[in-house]
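This report refers to the structure that appears directly beneath it.
Note: hydrogens, waters and symmetry copies are ignored here, and every other heavy atom, side chains too, is used.
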Amino acid sequence: MTAFVVFLLAGASALLAAVLPRVLRGRAFSLPMAFLGLGVLIGFLPGLPSVDPLEHEAVTEHLTEVVVIISLMGAGLAIDRPVGWQRWRTTWRLLAVAMPLTIVLVALTGSILGGLPLAAAVLLGSALAPTDPVLAGDVQVAEPSEDTDEDEVRFALTSEAGLNDGAAFPGVYLAIALAAHGGLLGGWLWGWALGDLVIRLAVGVAVGFGTGWVLGRVFFHSRVEALRLSQQVEGFTALAVTFLAYGAAQLLHGYGFVAVFVAAVTLRAAERSHGAHQVAHSFVEQTERMLTAWVLLLLGAAMSDGLLGGLTWQLALVAVLLVVVVRPVVGMVSTVRTDGGWRERAVIAFFGVRGIGSLYYLAYALSHGDFPDESLWAVVALAVASSVVVHGVLATPVVGWLDRRRSEHAHRVHGREQGDPAVDVHL
């Protein structure tokens, strides 16, 4: 009977994932909020099997892993702006400044306020540093188009999430190494810096670029007509690129998350305006929406089934500070003198949504090192849930307000509507 109930819930959630986006469109209530809340209610039902991630480490790790890599492919395909140092300046700042600062500040607050040992504090900071490319749909790039002049807010948040989901891995490996060495620094730190920080990242970028370039040439420019899959567009070819890039990077000891996003961006660049990207993105988006719904249902059920049992008020404060203080502050600091006005920078700074990537990193680290499992799961779950609720409520009205202000400013200054390619409006 338990298996039948699971199938029933899976089918009902998939149906809701298809229907709810239309019902909730334009409302200050997001799809992730709906599934998280539904999961909490399901967790109170008697007779259901345990969904404690501590009891199902392997399932938790690999389920969240699949969701992350599929969402990274979708984010990469959706970005219209070509890669460039100046064009992606806000993204580079968020990666080079905001993410390291977030790791340090969360680690400090986790250690000072929450009493976590050094290795656990570094793991907490690294797990909560990456932002999510899925959970706040109103603040991410929607779908591929021919317009390469994307608004800075949606572009910055999507590209940041696409890259920092892999760039946080060195911090996770640092935490695992610290746990293995009793929290003591030593000569092993040089090996971590060279191997985990430099070489693995470089391998991920190289594999992603190589995979995207080769498959882009095959799909769009092959002399063999049967290999030009762009002529007979199939959405699941996006999954082929995703798994090929991820598997190859991991086998070569690189960062698979980085490889997937880079492969998606490179594939998009092979023929930027081709309709195949829209088909592939649509397929990936539907797949990730269904899988994300399942993960959030499980997270909500686990929270009501005792996952927050190891939470103290100090650790709860760490989670709250991340969402309402740490991210907004480091986001504003990192985007000084970048494209966009202060209002756009404020929205970018605030909407650093935490999500499935944080769950994956924690599950991965706990299966590879000795950490205080219950307290870490409690604070990460609370941080993700808080982010889903706070950002889910505010995303629609805030981004709608920003779009209106941008449109009014464009009309007042240039006599054109916002969205005209001849108009560059910053607030």
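A distance of 6.0 Å or more separates the ring centres of F257 and F261.
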Distance-only criterion, 3.5 Å: show the donor-acceptor pairs between side-chain atoms of residues 380-388 and protein atoms not counting sequence neighbours.
residue: S386; atom: OG; partner: L382; partner atom: O; Å: 2.7
residue: S387; atom: OG; partner: R354; partner atom: N; Å: 3.0
residue: S387; atom: OG; partner: H391; partner atom: ND1; Å: 2.8

Report, one line per pair, each donor and acceptor closer than 3.5 Å where one atom sits in a side chain of residues 107-116; sequence neighbours left out.
residue: T109; atom: OG1; partner: L105; partner atom: O; Å: 3.0
residue: T109; atom: OG1; partner: V106; partner atom: O; Å: 2.9

Using residues 296-316 as the side-chain source, report each donor-acceptor pair under 3.5 Å to any protein atom, sequence neighbours left out, with the distance given to one decimal.
residue: S304; atom: OG; partner: V40; partner atom: O; Å: 2.9
residue: S304; atom: OG; partner: G300; partner atom: O; Å: 3.4
residue: S304; atom: OG; partner: A301; partner atom: O; Å: 3.1
residue: T312; atom: OG1; partner: Q314; partner atom: OE1; Å: 3.4
residue: T312; atom: OG1; partner: L315; partner atom: N; Å: 3.2

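Counting only residues at least two apart or in different chains, salt bridge (Lys or Arg N to Asp or Glu O under 4.0 Å) contacts with residues 58-75 are absent. Pairs engaging residues 248-265 under the side chain to side chain donor-acceptor pair (under 3.5 Å) rule: none recorded [sequence neighbours left out]. For the salt bridge (Lys or Arg N to Asp or Glu O under 4.0 Å) condition, no pair includes a residue of residues 91-108, sequence neighbours left out. The side chain to side chain donor-acceptor pair (under 3.5 Å) contacts involving residues 45-54 comprise S50-E55, where partners must be two or more places apart or lie in separate chains.
Scored by the ring pair (Phe, Tyr, Trp, His ring centres under 6.0 Å) test, W192 finds no partners at all (sequence neighbours excluded). In this view, W88 and W92, F155 satisfy the ring pair (Phe, Tyr, Trp, His ring centres under 6.0 Å) rule, not counting sequence neighbours. With sequence neighbours left out, the side chain to side chain donor-acceptor pair (under 3.5 Å) criterion links S358 to no other residue. Remark: H56 engages no residue in a ring pair (Phe, Tyr, Trp, His ring centres under 6.0 Å) (not counting sequence neighbours). With sequence neighbours excluded, no residue satisfies side chain to side chain donor-acceptor pair (under 3.5 Å) with Y361.
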